[in-house]
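Down below is the structure, laid out as structure tokens.
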There are 2 protein chains.
Amino acid sequence: MSINILVVDDEQSIADLIEVYLRNEGFTIYKFYNGQDASRCVESEQLELAILDVMLPDIDGFTLCQKIREKHKFPVIMLTAKEEEIDKITGLTLGADDYITKPFRPLELVARVKAQLRRFTKYNSPEPKQEERLIAFSGLVLDMDTHECTLNEKKLSLTPTEFSILWVLCSNRGRVVSSEELFQEVWGDKYFTNSNNTVMVHIRHLREKMHDSAEHPKYIKTIWGVGYKIEK
Amino acid sequence: MSINILVVDDEQSIADLIEVYLRNEGFTIYKFYNGQDASRCVESEQLELAILDVMLPDIDGFTLCQKIREKHKFPVIMLTAKEEEIDKITGLTLGADDYITKPFRPLELVARVKAQLRRFTKYNSPEPKQEERLIAFSGLVLDMDTHECTLNEKKLSLTPTEFSILWVLCSNRGRVVSSEELFQEVWGDKYFTNSNNTVMVHIRHLREKMHDSAEHPKYIKTIWGVGYKIEK
DNA sequence: AGCCCATCTTAATAAAACCTTAAGGTTTTA
DNA sequence: TAAAACCTTAAGGTTTTATTAAGATGGGCT
């Protein structure tokens with residue numbers, strides 16, 4: 001399924017901003033302007049991460065954070081205005097995993113969210129690798145650990161090969177990847193007999209599952225004579 | 001190999017303070033009390049990071065920041081007084097990487113500087129500079145990675161051969177390239193059969209896509225008896 | 001083991017996109 | 001004015017990619 005993130009901030013503009021940016025990365029957002037509603041959401045939904053403002057009209061962020069910690073292990077990121085610096089230590093020791101002061105760059109927030117998700121999923125898998133294990137951008141989410149893929153919050157069931165190909169394309173998003181390169185990356189084979197046809201067939205299947213087409217590609221584009229490409 | 005940091009603040013005491021602390025960490029500091037001098041420094045020196053005050057007597061920090069972003073990727077940290085908070089978002093979206101309000105604790109500044117440098121070098125270290133993969137000059141942009149070509153912000157869709165020819169012409173811009181040379185570079189063939197006609201046809205197509213003409217060439221000029229040339 | 005199922009590969013064919021050729025026209029040079 | 005160099009055009013050939021379906025593989029299950 002998709003990756004669910006809770007966002008709580010009484011400043012609507014900020015909550016909305018966060019929502020836009022994270023949704024753009026393909027995450028599913030549960031957004032609330034107060035602690036009560038958020039608290040209810042924590043119990044009803046299966047969450048992967050929470051972003052909490054410290055200052056809330058009803059319940060404050062710390063309390064909410066503690067409440068989450070009683071039952072869940074997913075990462076919590078706290079938001080705070082600069083002036084509240086004093087409380088930093090308190091917040092962190094109360095179980096928050098990261099801490100962002102306002103104002104923040106949206107992209108930095110996105111980066112931190114991904115970092116936490118990475119860290120969290122890594123926690124549950126014994127693989128001690130440093131490389132990226134989660135790719136999320138423009139509605140696409142690829143999770144190396146669970147081998148799951150989500151497109152616009154809808155799960156795609158991909159075969160291993162399909163997943164690998166999409167992974168390679170996505171981790172090189174914005175640049176053309178040739179069939180040869182794809183073949184090497186996915187099959188690890190240098191001596192590929194003339195049958196990069198295989199790659200093509202898998203691309204075809206991928207496009208099908210993504211409701212994409214070769215003529216009017218929304219995701220996987222063909223660059224004639226060069227290779228395939230996914231836009232940033 | 002020292003790490004060069006630009007510091008700009010019209011309040012001399014602050015600039016000096018920053019200098020002391022950062023120098024103490026082993027950084028090399030380029031310190032200025034106005035935007036003009038700083039601007040000049042950006043062009044002449046190889047910088048790793050910049051700390052800019054928002055309020056400067058001549059050029060303001062945001063403008064300077066933008067100017068840096070046009071040509072450089074190193075991190076920029078903005079300094080501002082509390083009262084100027086309103087502009088925060090503006091400043092952040094204009095490309096700054098971090099934001100510190102005055103008054104600040106020097107050690108926090110040092111920490112942030114290090115954080116930015118870490119982030120920056122981390123992003124840049126895995127990909128060491130290779131050969132040119134992007135050519136951009138006078139309205140023309142050729143990107144080898146995306147295989148895209150843009151002319152005056154309008155995308156041209158070129159075939160592989162056309163792209164190659166234009167690439168060769170552009171990477172030799174300012175100098176005449178003969179058909180033979182073009183043929184060798186693009187086709188990699190030494191024994192090119194009697195007619196460079198093929199090259200000519202491709203040039204023709206290129207000119208067409210560039211809305212160029214042989215009679216009044218804006219881009220690809222014919223140097224009679226020698227070859228083709230693109231102006232710098 | 002033997003069968004089923006999902007997946008992968010191969011192969012054959014179709015459809016694009018692209019490249020080359022050649023023929024005739026135009027401009028430049030001597 | 002003729003020869004040489006260049007330009008234009010379009011048809012036919014080639015290469016690359018897409019599609020499809022059938023055969024191969026291999027793991028899981030009875």
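Chain letters run A, B, ... following the sequence lines, proteins first and then strands; every chain starts at 1.
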Requested in this report: Could you tell me whether the side chain of B:His202 reaches within less than 4.5 Å of the side chain of B:Val186, counting heavy atoms only?
Outcome: no

Report task. Could you tell me the separation between the CE atom of A:Met200 and the C1' atom of C:dA15, rounded to a whole number of Å? Result -> 11 Å

Report summary line: Outer limits of DNA chain D sitting under 4.0 Å from a non-hydrogen atom of chain B, read 5' to 3', are D:dA5 to D:dT9

Query - Salt bridge flag under 4.0 Å for residues A:Lys31 and A:Asp16 - result: yes

Query raised in the report: Under the side chain to side chain contact (heavy atoms under 4.5 Å, CB included) test, which residues partner A:Val201, sequence neighbours left out?
Result: A:Asn197, A:His205

**Report entry** Short side-chain N/O contact from A:Thr159 to OP1 or OP2 of C:dT7, under 4.0 Å
**Finding:** no

Report task. Could you tell me whether the side chain of A:Arg69 and the main chain of A:Gln66 form a donor-acceptor pair under 3.5 Å? Result -> no

Query - Secondary-structure stems, DNA chain C, at least 3 Watson-Crick or G-U base pairs under 3.5 Å - result: C:1-30 with D:1-30

Query raised in the report: What's the shortest heavy-atom distance between A:Ala136 and A:Val141, and which atoms?
Result: CB-CG2, 4.2 Å

Report task. Take atom CH2 of B:Trp224 and atom C1' of C:dT29, then tell me their distance rounded to the nearest Å. Result -> 6 Å

Query raised in the report: In whole angstroms, how far is the C1' atom of C:dA14 from the CZ atom of A:Arg204?
Result: 13 Å

Requested in this report: For the pair B:Asp143 (side chain) and B:Glu148 (backbone), establish whether a donor and an acceptor sit closer than 3.5 Å, ignoring hydrogens and angles.
Outcome: no

Query raised in the report: How would you list, by chain and number, every residue that makes a ring-ring contact (aromatic ring centres under 6.0 Å, His included) with B:Phe74, sequence neighbours excluded?
Result: B:His72

Report summary line: For residues 221-232 of chain B, the side-chain hydrogen bond (donor to acceptor under 3.5 Å, both in side chains) pairs (sequence neighbours left out) are B:Arg207-B:Thr222, B:Lys221-B:Glu231, B:Lys229-B:Glu231

Report summary line: Within residues 208-215 of chain B, the residues having a heavy atom closer than 4.0 Å to DNA chain C are none

Requested in this report: Taking A:Asn4 for its side chain and A:Glu45 for its backbone only, find out whether a donor-acceptor pair lies under 3.5 Å.
Outcome: no

Query - Polar side-chain atom of A:Asp9 near backbone of A:Ile14 as donor-acceptor pair, under 3.5 Å - result: no

